[in-house]
Amino acid sequence: MQMDLSHYSVPVSMIRQYLFCSRIPYFNEVLKVNPSDRLWQFQGINHHDRQEMLNKRRKLSKFGVAEGKIEFQVQLNSKPLGIHGICDAIVFSENTTTPLEFKLEKNKPSKGHIYQIVAYGLLVEDRYKTVVENCFILYGEKGKSEVVVMNQWREKVLTTFEKLREVIDRSIMPHTSASEAQCSQCEYQNFCADRY
């Protein structure tokens, strides 16, 4: 089954999934398998609602901005990049445009989270014709912030999207290096089944 990728757009969330296991984009984007929703997905949504309320009251100085505004749940897409998604929030000021991502986890952001926010940074640059210098991940209930410098990750993220697109384009289930622990928490485990 060959897909026409000339107008195909990959969800930004797939880059995090791809880093977790290269087979997830295959199941999701090629086979269109939609596993049942998990509790953590709803916890994430509730966390986003809380963070939106909290951030309306916070000062923007933690993002290096004296004055500006925050927009929440911003839909973004880019035909040249072939990616799309909904950014949790974007801080707009006179000189900067800064994407924000909220994570429920209390631990510092994972590589997948970093790649995800940088992908949103790329989308912000394309849509608003600007250069994003920094992105922020706010994690835990208190929204501790972690700065992600775009130029440290930009090329790695673009290369990873190329690999992800290759999985989708080839339409062949790729090898996975996922551990048994990763497989045990994967919603696609019943479809993959090579750990049984």
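The shown structure was predicted, so the numbers you read here are calculated from the model rather than taken from an experiment.
In terms of modelled atom types and a separation under 3.5 Å, the side chain of Glu125 and the main chain of Val132 share a donor-acceptor contact. In this structure, the side chain of Gln185 does not engage the main chain of Gln182 through any donor-acceptor pair within 3.5 Å. The backbone N or O of Lys156 sits nowhere less than 3.5 Å from a side-chain atom of Thr159 that would complete a donor-acceptor pair. Side chain of Arg23 to backbone of Pro174: a donor-acceptor contact under 3.5 angstrom is found. Judged by distance alone, the side chain of Arg165 and the main-chain N or O of Gly82 form a donor-acceptor pair under 3.5 Å. Distance alone, capped at 3.5 Å, is enough to place a donor-acceptor pair between the Ser22 side chain and the His175 backbone.
Transitive grouping of hydrophobic side chains (ILVMFWY, heavy atoms separated by less than 4.5 Å) brings Val148 and Leu19 into a common cluster. Taking hydrophobic clusters as Ile, Leu, Val, Met, Phe, Trp and Tyr residues chained together by side-chain heavy-atom distances below 4.5 Å, Phe20 shares a cluster with Phe27. In the hydrophobic clustering of this structure, Leu81 groups with Val118; members are Ile, Leu, Val, Met, Phe, Trp, Tyr whose side-chain heavy atoms approach within less than 4.5 Å, directly or through other members. Under a hydrophobic-cluster definition in which Ile, Leu, Val, Met, Phe, Trp and Tyr are linked whenever side-chain heavy atoms come within less than 4.5 Å, directly or via other members, Trp153 and Val131 are assigned to different clusters. Both Val33 and Val30 are members of a single hydrophobic cluster when ILVMFWY side chains are connected at heavy-atom separations under 4.5 Å.
A heavy-atom distance below 4.5 Å is found between the side chains of Pro11 and His84.
A salt bridge links Lys69 to Glu71: one of the charged nitrogens lies within less than 4.0 Å of a carboxylate oxygen. Using a 4.0 Å cut-off between charged nitrogen and carboxylate oxygen, Glu101 and Arg16 do not count as a salt-bridge pair.
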Exercise. Does the pair Glu133 and Val149 meet the rule for a side chain to side chain contact (heavy atoms under 4.5 Å, CB included), with working shown?
Worked result: CA-CA 6 Å; Glu133 294 179 9; Val149 180; over 6 Å; no
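Checked against the 6.0 Å centroid threshold, Tyr139 and Phe102 do not count as a close aromatic pair.
Ring orientation note: the planes of Phe136 and Phe63 are nearly perpendicular, at an angle over 60° on the 30°/60° scale.
Within the model, atoms OG1 of Thr97 and CZ of Arg127 stand 11.0 Å from one another, a figure rounded to the nearest 0.5 Å.
Taking every heavy atom of both residues into account, Pro99 and Asn134 meet most closely at CD-O, 3.8 Å.
Side-chain contact, Gln116 with Lys103: a donor N or O sits under 3.5 Å from an acceptor N or O.
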